[in-house]
Amino acid sequence: MTLTQVSTTPFPDQKPGTSGLRKKVPVFQQPNYVENFVQAIFDTVEEREGATLVVGGDGRFFNREVIQTVLKMAAASGFSRILVGQRGLLSTPAASCLIRKYKAIGGVVLSASHNPGGPDGDFGIKFNVSHGGPAPETFTDAVFQRTQSITHYRTHRASDIDLDVLGETRLGNATIQVIDSVADYTELMETLVDFDKIAALFVSGFRMRFDALSAVTGPYAKAILEGRLGAPAGTVVNGEPKPDFGGHHPDPNPVHAHDLMDLMLGPDAPDFGAASDGDGDRNMIVAPGLFVTPSDSLAILTAHAHLAPGYAQGLAGVARSMPTSRAADRVAAKLGIRAFETPTGWKFFANLLDAGLVTLCGEESAGTGSNHIREKDGLWAVLLWLNILAELKKPADKIVREHWAAFGRDYYARHDYEEIETTRADALMAHLREILPSLPGQVFGGLTVEACDDFAYTDPVDGSVTPRQGIRILFKEDARAVFRLSGTGTAGATLRVYLERFEPDPRRHDLSRQDALSAVAEAANTLAKIGEFTGRSAPSVIT
Ligand code: VG1
Ligand code: CO
């Protein structure tokens, strides 16, 4: 086995974002590009000598090639045991589970999450640290610094590892172990939800559809829902991971999971519908005739989680990202547990989970999770819903309506303006920051601004402050508009506008989202001059 050193070009790029480095596939295919970034990660992992590393990806185009590169480089960089998912597959939550279970120093996860794949699609590399969650900014900043000065990388010149067969291979001083991608994750799920109760639900004739959107969750959902819980074959659709996700956006929302939406809103809807994203950390929940917003789903899970064995002791608290609706806060207040509001991105939840301050957390972008790992977990959320449905023995849409009746309804929508010019997006945010002090008391779209700020987060555990996380505008009419720029796009800038309005009166819980939110939408458009700055008359996607 020879150890090879090869010169690399300096890394010609900007800092990796909140979810690692995401770029178009041809960018990653440039000579030494992957090697540079991976070596920079390994150089930043100080205690890698003799440590365990987890490696896997969501199966998108270029996954297998990069897995081979990572394995050979990891073996040459001092790791002694490298666990890789069979066929190179690991969902993000499964990787988090493995890192924690096998006390790995971290994991390399290859994914661009919900972004499309294929030769012209997106690719991504992220690193999760020893608690199983995304690397903190101090780590990713150090990786970026390293990419700027790196001149060599270490690798083994060896033939490719067979990823299809379970087993061990020696490479230099390291053991590479191809493991079952699903087994450890399934075992963890079994400790959290009542498999027998859910199996009995399926025996009773309950029917669901799980749309894996041709992404990584297919094998997990098939093994657990159909294999272990006895759901009929065919419950999981699009269950085979494809390099281009069948040409679709593996993004579980009403726009991209439209087949599932059509089924659930149509006359032949089964009892429950769910979908997951490219890397399996997001979930979409649809009741018969009713899309459940991720914000509502978090609130409903918070209200009923104690029905599942893993949460029978009750919850320590709940955390939501700032743009997520305040529905979960209302449940927390009623339960007498703590509620936290964090910046967007899962890494902010990790400190709260580690400190035992919260048990559940979630984001409006379809991420829900708990203290079982340090990532959001799509299939886990679906299983927790199933456990609750099995206990309450009520239709899913009834559970949602009863929740609104008890707590009020938070109407919610997100408007995305994708691929706008970065200078235009920056100008809009600068405009908002400039007018902020003058907004209170002003009226837009018939709504009066009560308070507004540029959200800054002080971590309750370590006291660190993260400023400029988005503009929050609160209206006297119990409505809210939030503006922020995406940190995960790969082309231009994406402006996200989050709209919500609270409605306590059950007689007004059947409005269309559009009607309920039209005044907030108008207020947001007017005060931020969205049309003027973006040059767009309508959002690209509404979810
Ligand atoms: C988006 C979502 C955010 C999520 C992030 C990563 O970020 O809004 O809630 O945490 O994606 O999710 P942004 O910066 O584009 O708004 V995933 O499923 O890509 O790991
Ligand atoms: Co994802």
Side-chain angles (χ1 to χ4, degrees), residues 15-22 56-60 90-96 107 109-117 122-128 133-135 137 212-213 215-217 220 241 245 249-253 256-257 275-284 293-295 298 319-325 341-350 361-369 373-381 412 414-420 425 429 455 466 468-470 482-498 540-541 543:
K15 274 165 66 167
T18 49
S19 307
L21 184 69
R22 282 187 199 175
D58 65 8
R60 67 180 59 226
L90 282 181
S91 74
T92 288
S96 186
V109 181
L110 308 178
S111 173
S113 190
H114 53 287
N115 296 4
D122 290 347
F123 193 78
I125 303 179
K126 61 180 172 177
F127 189 74
N128 283 27
E137 217 153 283
L213 299 175
V216 81
T217 327
Y220 295 86
F245 306 119
H249 244 83
D251 193 352
N253 64 42
H256 295 302
S276 191
D277 72 332
D279 62 331
D281 56 359
R282 298 189 180 200
N283 72 94
M284 166 169 151
T293 69
S295 298
L298 175 65
R320 62 167 173 84
S321 67
M322 182 271 279
T324 304
S325 96
E341 184 178 36
T342 62
T344 294
W346 211 259
K347 63 185 172 194
F348 295 97
F349 293 138
C361 28
E363 295 191 281
E364 52 64 43
S365 55
T368 329
I373 52 171
R374 294 296 179 270
E375 284 278 4
K376 50 191 187 268
D377 189 343
L379 189 52
W380 163 87
Y412 192 87
R414 186 175 98 185
H415 291 192
D416 290 335
Y417 297 80
E418 295 174 337
E419 295 190 27
I420 50 180
M429 293 305 286
F455 180 57
T466 312
R468 294 165 73 89
Q469 292 300 301
V482 169
F483 301 82
R484 58 179 285 280
L485 299 184
S486 157
T488 61
T490 55
T494 293
L495 168 70
R496 302 205 197 283
V497 184
Y498 310 82
S540 353
V541 190
T543 53

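Starting from 1, each residue takes its place in the sequence as its number. One-based numbering, in listed order, for ligands and for the atoms of each. Keep in mind that the numbers below use all heavy atoms, side chains included, and drop hydrogens, waters and symmetry copies. No experiment lies behind these values; they were computed from the predicted model shown.
Using a cut-off of 4.0 Å between Lys/Arg side-chain N and Asp/Glu carboxylate O, R282 and D251 are scored as salt-bridged. Ion pairing between K376 and D279 fails under the 4.0 Å rule for side-chain N and carboxylate O.
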message: Checking W380 against I373 for the side-chain contact (heavy atoms from CB on, under 4.5 Å) test, could you report, in this order, the C-alpha distance in whole Å, the side-chain angles of both residues, the deciding distance, and whether it holds?
response: CA-CA 10 Å; W380 163 87; I373 52 171; over 6 Å; no

query: Yes or no on salt bridge (charged side-chain N to carboxylate O under 4.0 Å, His left out) for R22 and D122, after CA distance, side-chain angles and deciding distance?
result: CA-CA 7 Å; R22 282 187 199 175; D122 290 347; over 6 Å; no

- prompt: Is there a side-chain contact (heavy atoms from CB on, under 4.5 Å) between E341 and R320 once you walk through the steps?
  reply: CA-CA 5 Å; E341 184 178 36; R320 62 167 173 84; 3.2 Å; yes

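In summary, the atoms of ligand 1 found under 4.0 Å from a heavy atom of G345, numbered by their order in the structure, are 10 (O). Interface atoms of ligand 1 facing D277, defined by a heavy-atom separation under 4.0 Å, are 18 (O). If you number the atoms of ligand 1 from 1 as listed, the ones under 4.0 Å from a heavy atom of D281 come out as 17 (V), 18 (O), 20 (O). Against a heavy-atom cut-off of under 4.0 Å, R484 is close to the following atoms of ligand 1: 13 (P), 14 (O), 16 (O). In the vicinity of R414, heavy-atom distances shorter than 4.0 Å reach the ligand 1 atoms 8 (O). Those atoms of ligand 1 with a heavy atom of T344 less than 4.0 angstrom away are 3 (C), 9 (O). Residue contact check: R496 has heavy atoms under 4.0 Å from atoms 8 (O), 13 (P), 15 (O), 16 (O) of ligand 1.
Applying the side-chain hydrogen bond (donor to acceptor under 3.5 Å, both in side chains) test between T368 and each of D281, N283, D377 identifies N283 as the sole match.
Residue contacts with ligand 1: G487 is placed with a nitrogen or oxygen under 3.5 Å of a nitrogen or oxygen of the ligand (distance criterion only). Between S365 and ligand 1, at least one pair of N/O atoms sits closer than 3.5 Å.
Taking 2.8 Å as the threshold, S113 counts as a candidate ligand of the Co ion (ligand 2), since one of its N, O or S atoms lies below it.
If you look at D279 and ask which of its N, O or S atoms sits nearest the Co ion (ligand 2), the answer is OD1. Looking at D277, its N, O or S atom nearest to the Co ion (ligand 2) turns out to be OD2. Taking the Co ion (ligand 2) as reference, the nearest N/O/S atom within D281 carries the name OD1.
Side chains of T494 and S486: a donor-acceptor N/O pair is absent below 3.5 angstrom, by distance only. No side-chain donor-acceptor contact under 3.5 Å links D416 and S540. Residues N115 and T488 bring no donor and acceptor atom of their side chains to less than 3.5 Å of each other.
Within the model, atoms CD of E363 and CE of M322 stand 11.5 Å from one another, a figure rounded to the nearest 0.5 Å.
Residues F349 and T342 meet the side-chain proximity criterion, which asks for heavy atoms closer than 4.5 Å.
In R22, the part holding a heavy atom less than 4.0 Å from any atom of ligand 1 is the side chain. Contacts between T488 and ligand 1, counted as non-hydrogen atom pairs separated by less than 4.0 Å, involve both the backbone and the side chain.
When E364, E363, R282, M322 are checked for heavy-atom proximity to atom 1 (C) of ligand 1, R282 turns out nearest.
Under the 4.0 angstrom criterion for non-hydrogen atoms, E375 is not in contact with ligand 1.
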